[in-house]
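Scope of the values below: all heavy atoms of this structure, side chains included, with no hydrogens, waters or symmetry mates. In what follows, residues are counted from 1 in the order of the sequence shown.
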Amino acid sequence: MKVDEIKSKEDFIVFLKKLTNDFEENCQDWENQDLTSYFESMKAWVEDTNDSNLEGNLWAVMSKIILAPKYYE
């Protein structure tokens, strides 16, 4: 599921479940594998990202923020 496709609470719940499964199966591929670094990366991504990434559908924006630490260091 692409984050721009997340348009409802139900979509968001599915997204979180898929993200959890991905972490459980592929944690070695994640940039941030502990909660502290995950939140620090999330904060850094929000600070550094273009404001256009934080506009629009609330569910998609929240998903982008939660997904970012998987890749962002």
Side-chain angles (χ1 to χ4, degrees):
M1 173 177 284
K2 296 179 182 177
V3 292
D4 291 332
E5 297 173 352
I6 300 168
K7 303 197 183 306
S8 68
K9 177 181 174 181
E10 291 76 20
D11 292 343
F12 187 67
I13 291 168
V14 169
F15 164 77
L16 290 175
K17 180 63 178 163
K18 287 182 178 185
L19 194 62
T20 300
N21 290 343
D22 182 61
F23 182 78
E24 289 172 348
E25 296 172 9
N26 305 298
C27 68
Q28 70 281 357
D29 297 333
W30 284 52
E31 284 293 327
N32 301 284
Q33 297 178 2
D34 64 79
L35 199 53
T36 300
S37 62
Y38 185 87
F39 281 126
E40 287 173 354
S41 177
M42 186 184 300
K43 177 184 150 305
W45 184 84
V46 171
E47 290 172 340
D48 295 344
T49 195
N50 184 310
D51 285 348
S52 66
N53 284 322
L54 302 174
E55 296 174 353
N57 174 347
L58 172 65
W59 298 110
V61 170
M62 288 189 329
S63 300
K64 288 177 188 177
I65 293 169
I66 290 171
L67 180 62
K70 176 179 179 181
Y71 305 103
Y72 198 79
E73 190 172 351

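We find the CG-CD distance between L19 and E24 to be 10.5 Å, quoted to the nearest 0.5 Å. Distance check, rounded to the nearest 0.5 Å: NZ of K70 to CG of D22 gives 3.5 Å. The structure places CD of E40 at 10.0 Å from CG of L35, a figure rounded to the nearest 0.5 Å. Going from atom CG of L67 over to atom CE of M42 covers 9.5 Å, rounded to the nearest 0.5 Å. To the nearest 0.5 angstrom, I6 atom CD1 is 10.5 Å from W59 atom CH2. The distance from the CG atom of N50 to the CD atom of E55 is 8.0 Å, given to the nearest 0.5 Å.
Linking Ile, Leu, Val, Met, Phe, Trp and Tyr whenever their side-chain heavy atoms come within less than 4.5 Å puts L16 and F23 in one cluster. Side-chain heavy atoms closer than 4.5 Å link hydrophobic residues (I, L, V, M, F, W, Y) into clusters, and following such links, possibly through other members, connects L58 to V46.
Side chains of Y71 and W45 form no contact here, defined as non-hydrogen atoms less than 4.5 Å apart. Side-chain contact between T49 and Y72 is absent, with no heavy-atom pair separated by less than 4.5 Å. In this structure, the side chains of K17 and N21 come closer than 4.5 Å at one or more pairs of heavy atoms. Looking at heavy atoms from C-beta onward, N53 lies out of side-chain contact with I65 at the 4.5 angstrom threshold.
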Exercise. Can you check side-chain contact (heavy atoms from CB on, under 4.5 Å) on V14 and E10, steps first, answer last?
Worked result: CA-CA 6 Å; V14 169; E10 291 76 20; 5.8 Å; no
For this session: Using the side-chain contact (heavy atoms from CB on, under 4.5 Å) rule, take K64 and D4 through it: C-alpha gap first, then chi angles, then the decisive distance, then the call.
Result: CA-CA 8 Å; K64 288 177 188 177; D4 291 332; 3.4 Å; yes
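S63 is linked by a side-chain hydrogen bond (donor to acceptor under 3.5 Å, both in side chains) to nothing, counting only residues two or more places apart in sequence or in another chain.
The two residues V3 and A60 come nearest to each other via the heavy atoms O-CB, 3.2 Å. Taking all atoms of both residues into account, the shortest heavy-atom contact from P69 to S41 is CA-OG, 3.5 Å.
With Q33 contributing its side chain and C27 its backbone, the two residues share a donor-acceptor pair below 3.5 Å.
Applying the 6.0 Å contact sphere to CD of E47 captures more than 12 heavy atoms from other residues, nucleotides or ligands.
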